[in-house]
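Just below is one structure, and these are the notes that go with it.
First the proteins, then the strands, lettered A, B, ... as listed; each starts at 1.
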Amino acid sequence: MSQRQVLQVFELYQNARTRFVQMVAEQATKPQNIETLQNAGIMSLLRPLLLDVVPTIQQTAALALGRLANYNDDLAEAVVKGDILPQLVYSLAEQNCVYKKAAAFVLRAVGKHSPQLAQATVDCGALDSLVICLEDFDPGVKEAAAWALAYIARHNAELSQAVVDAGAVPLLVLCIQEPETALKRIAASALSDISKHSPELAQTVVDVGAIAHLAQMILNPDEKLKQQVLSALSHIAKHSVDLAEMVVEAEIFPVVLTCLKDKDDFVKKNACTLIREIAKHTPELSQLIVNAGGVAAVIDCIGSCKGNIRLPGIMMLGYMAAHSENLAMAVIISKGVPQLSDCLSEEPEDHIKAAAAWALGQVGRHTPEHARAVAITNTLPVLLALYMSPESSEDLQVKSKKAIKNIIQKCTYLPALEPFLYDAPPNILKYVAGQFSKVLPHDSKARRLFVTSGGLKKIQEIKAEPGSILQEYINNINSCYPEEIVRYYSPGYSDILLQRIDSYQPLIN
Amino acid sequence: METNSNNFGELQELKDMATLAKLLARAPFLESQYYFRNRAVDSFRKFENDAAVMIQSWFRGCQVRAYMRHLNRVVTIIQKWWRSYLGRKFYQLVVEAAYYTMKMNLYNEMAVRIQRRWRGFRIRKYCFNYYYLKEYLRAVSETNDAIREALEEFAEMKEREERKVLLEREEKQKDYQARKMHYLLSTKQISGIYNSPFREHPDPWELRLQKAKPLGHQKYTAEKGKTSQSPSNWLACTSVHSFPQSESLPPISRKRCQGPFRDINEVLEQRYKPLEPTLRVAEPINHLRLAREAFKQEERMRNVQDKMFLPFSSYHKKEKYIPMIHSSSAYNSDSYGQKHFRSQDSKKWISDKDFQTVLPSFQLFSKYGKLYSKAGEIV
C-alpha cells in the first residue's frame, strides 16, 4: 500500500508536467494568448523542461518554444537571451526524430525574423547540427532542418556563405531527389535562398549538380514545388551569362512554357521571372527563347494575369526588345505591343506602368517600322498623359518621357505625331517638330495632309525662341511650303488684310 | 617538084623586066612633072600647110589628151588603191577601238553584274538579309502559333483532368453520403422521406440510397483514426489528441478480475520476462571448427608466398637431362651402372628376391609442406 502511494505521487508529478507543456503548446497557437504567456514568464518555465527525463515533455516544450518564437522577434530574442539555443543545438545530435523536428522548428522560428537572430543561431553552432540532421533517415527531420537552413540563408550573403561552408548544399541536392514532395519543396526553397545572394554562392549550388535535378521537377504537378523550383532556377540564372547558359543547357525550354499556363499565379510569375533572367543577358539567349516560342507564351501569360504577376513578363519583353531590332520585331509579330499597351492602360500600379512604358520604348526605338508598330496601337497619347499627370511617380514620368522620345525620333507615321502638336510640352514638342521637319520634305502627300489637318497652322502658333532648335525645325517645315501658304496660316494674317482694306483709297472717276 | 619551083621563078623575072622597062621609059617626064606640080601647089601651099598644121595639132591634141586620160586613169587607180588602203587601215583602227570599247563595255557590264551580286551577297551575309528576315519572322510567327496551340491544348487537358478528378471526388462524396443515410431508405411497408406517396416519381436520392451499401460500425476505425500519427502535419497540430503519447507507467492498483483467470502478477511477470536463450543460442557449438579456420587463415596470412620452393631437389626430378651435342651419340649408353647395378633379367639372379633398400636417399627438402614427416623411415 505505501509503495503504491509513492508511485502515485510520481505519476501525478509527471502528468502535471505533461499537461502543462501540452496546454502551453496549445495556447501558443492563438495570437491573443502570446502577451499573457510572455508576461507570465513562460521562457523561464519552459527552459528546464527541455532537459526533462521524459522525452515527451522535452519534445512538447521545444514545440511550444518554437510556436512562441514564431510570432515576433521579441519572443525570438527572448529565446536567444534565455540561452535556450545551445541546449537545443546540443540535443539535436542525440535525440529522436520528434525532438529533432521540434528543435529545428525552434531554430527556424528564431532565425526567420532578422539577420541578427539568424546570426545568433549560427554563433551557437546550429549549422553543423542542422547539416547532420539533413543526413537523417526520417524525411520530416530533413524537411525541418532544410527549412531552418533556408530561413537562415535567406537574410544575406554572409549567412548564406556560412550555410554553404557547413556543407549543406550537397545534402540539399540529395534531399531534392527524395520521393517526398514536402521535402523537395523545402530543399528547393533552401537552394533558392542560398543562390540568390551572389554569383559565387550560385556557382556553389551549380557545382553540386543542382540544375539537372531542379529542371526535372518543372513538370511536377505540385504547385508549390514548381514555385520553388522556378524560383531557384531564376536565382541561379540571374547572376551571370555562364550560369544562365548552364540553366538553359538543362533543356528547360520548352518545358518551362507549360508553367506559363498554370492555374497558380505564382507559378506563372516565377516562370516569367526565370525566362526574364535568361533573356536579359545576351541576344543569343534571347534568340534561343524566341526560337523556342517563349515570346508568345509570355505574352499570353501577361494577358491572362493582373497586377504584380505580369511584371516579370513585361520586363522580359523589354529586355528582349532592347537587344536588337530583330528581337524587337519578333516581339512585335508575336503581338506583344497591343498587350503591353493594354498593361499600360489597365494597371493601377505606377511601377507596372513604368515597366510597360520602358518596354514599349525599347520595342519602338529601333527603326521606323518598330515605331509605327508601337504608334498604331494608340500608345503615345497614353504615355503623354502619364508623363503630364501630377499623380504619376517620378520613375513613371522619367520612363514615359524616355519612351516617348525614343519612339518619336523613329516614327514616320505622321497621324500618330499630330496630336502631340496640341498637347505636348516644349521639351517633347522639339522632337515632334524635328520629326516633321525630316519627313515632310520627302513626302508630298504628307505635306498636303499636314496642311489640311491643321498641323501647319498649329506649327505657326508655336512660340519658339529665335535661334533655338525648335525654331530651326519650324523654319525647315515652313520651307516645304510656298510663302503665301505660310503667310496665310500665320497668326494675325486676317488683321493685316483688314488693315489693308482700311488703308486702301479707291479711285473715284 | 623541081619543075613547079623553076616555073614560078622564071615568070616572076619576066614581069620585073617589063616593069623596069616601063619605068625607065617614064624617067624624063618625072622632073618636069615634079616642077609643074610644085608650081601648081605653091598657090595652095599655105592653105594646105595651115590645114596640115591644124590636122597635126588636132592629132597631137588628141594624142596628148588620150595620154592625159591614160595618166589620169592610172592615177585614179593608184589613188583609189591608196585611199582604199588608208581607209582599210583607218577602218581597222576604228574596228579595234570599237572592239575595245565593246569589250570594255561588256567587262563593265559584267563587273556591274558581279558587283551587284557580290554587294547583295555581302549585304545579305554581313549587314541585313531582307528575305532571311522575312523567313525568320514567318518562322517565329509559326513557332509562336504552334506554341500557343500546344500550351492551350496542354492547359485544356489539365483542366479536363482536374474537372474529372473533381467529379470523381464529388461522386465519392455523394456515395459516402448515401451510405451514411442509408437508414432513410424506404421499406416495403413504410415510405421514406425521399419517396413521398403524394408525388408521381420518387426523389433521385431514393434510387441512390437503394444502390448504396450501408456503412458498418465505425468504432474501431474511429479509434484507430484518433490514435494515428501523421508525421507530415505534426507542426500544425492543434488538439490534445495529436500530441505524442507518453510512455505508460505500470498500473498501481487493479482489482482482481472475477472469473477463471490467472493472477495478474503472474501474467505480467510472464509478459515482461527477459529473453533466456538456450545453450545452443547463447554459445556457439562450432567453436572448434571456427578455431581451426582461424588458425588456417592466420597461417595463410603469415606465408610470404604460397608457391612451393622450387630450386631444391624436387625440382630437378621433373626435368629430363639433355646431354651435350658433342658428347651424345646415336648409340645410347647402357643404363647398367648408371641407374641400376643388378641385372634386370630375373632368371640370372642368384636368389629369387630383389635387393632390399636399407637406408633412404638423402632428400632433405623433398617432403617440405607435407603433413607428416617420415624422415628416417623406410619408404
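- Looking at A:Gln287, only its side chain comes within 4.5 Å of chain B, counting heavy atoms on both sides.
- The environment of B:Glu142 atom CD is dense: over 12 non-hydrogen atoms of other residues, nucleotides or ligands sit within 6.0 angstrom.
- Residues A:Asn291 and B:Thr143 fail the side-chain proximity criterion, which asks for heavy atoms closer than 4.5 Å.
- For A:Glu180, the CD atom sits in a packed shell: over 12 heavy atoms of surrounding residues, nucleotides or ligands are nearer than 6.0 Å.
- For chain B, the nearby part of A:Ala292 is the backbone; its heavy atoms alone come within less than 4.5 Å.
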Show your working on side chain to side chain contact (heavy atoms under 4.5 Å, CB included) between B:Arg148 and A:Ile299 and close with a plain yes or no. CA-CA 10 Å; B:Arg148 280 182 164 126; A:Ile299 289 163; 3.9 Å; yes
Taking it one step at a time, do B:Lys158 and A:Asp262 satisfy side chain to side chain contact (heavy atoms under 4.5 Å, CB included)? CA-CA 9 Å; B:Lys158 282 189 71 176; A:Asp262 206 274; 3.5 Å; yes
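- For residues 109-139 of chain B, heavy-atom neighbours of chain A at less than 4.5 Å comprise B:Leu133, B:Tyr136, B:Leu137, sorted by residue number.
- With values rounded to the nearest 0.5 angstrom, B:Ile147 atom CD1 is found 11.0 Å from A:Asp300 atom CG.
- Taking a 6.0 Å sphere around CD of B:Glu153, one finds it holds 12 or fewer heavy atoms contributed by other residues, nucleotides or ligands.
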In a table with atom names and distances, give each donor-acceptor pair under 3.5 Å that connects a side chain of residues 326-336 of chain A to protein atoms at least two apart or in another chain.
{"residue": "A:Ser334", "atom": "OG", "partner": "A:Ala330", "partner atom": "O", "Å": "2.6"}
{"residue": "A:Ser334", "atom": "OG", "partner": "B:Asn144", "partner atom": "ND2", "Å": "2.4"}

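- With sequence neighbours left out, the salt bridge (Lys or Arg N to Asp or Glu O under 4.0 Å) criterion links B:Glu162 to A:Lys263.
- Within residues 204-213 of chain B, no residue has any heavy atom less than 4.5 Å from a heavy atom of chain A.
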